[in-house]
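To start, the structure under review is shown below, and the notes come after it.
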Amino acid sequence: MSPVPKVSPGLIGEDVKTLAADSVIQAMQIFMTPVDAAAITYLLDLHRRIGPICAYFDELYKV
């Protein structure tokens with residue numbers, strides 16, 4: 001049995017290629033913080049008030 005996990009066993013059967021070593025993923029976890037309910041509520045409220053946030057910034061910095 002191969003130590004490499006399979007994608008959709010029985011359907012595709014191709015080995016999954018490693019994109020990053022486990023040590024790299026573990027090191028990156030210090031930058032990954034969970035988003036709490038307060039942050040989600042704030043962003044949804046902001047979206048309701050000013051619309052899509054990226055579009056708002058596009059307007060602010062339009063040249």
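If you read the sequence from its start, that first residue is 1, and numbering goes on from there. Below, all heavy atoms of this structure are taken into account, side chains as well, without hydrogens, waters or symmetry copies.
Note: the hydrophobic cluster containing Leu46 also contains Leu60 (ILVMFWY, side chain heavy atoms under 4.5 Å, direct or indirect links). Both Leu44 and Val35 are members of a single hydrophobic cluster when ILVMFWY side chains are connected at heavy-atom separations under 4.5 Å.
No more than 12 heavy atoms of other residues, nucleotides or ligands lie within 6.0 Å of CE in Met28, so this atom counts as exposed by the packing criterion.
Interatomic distance, CD1 of Ile50 versus CG of Asp45, reported as 10.0 Å (0.5 Å rounding).
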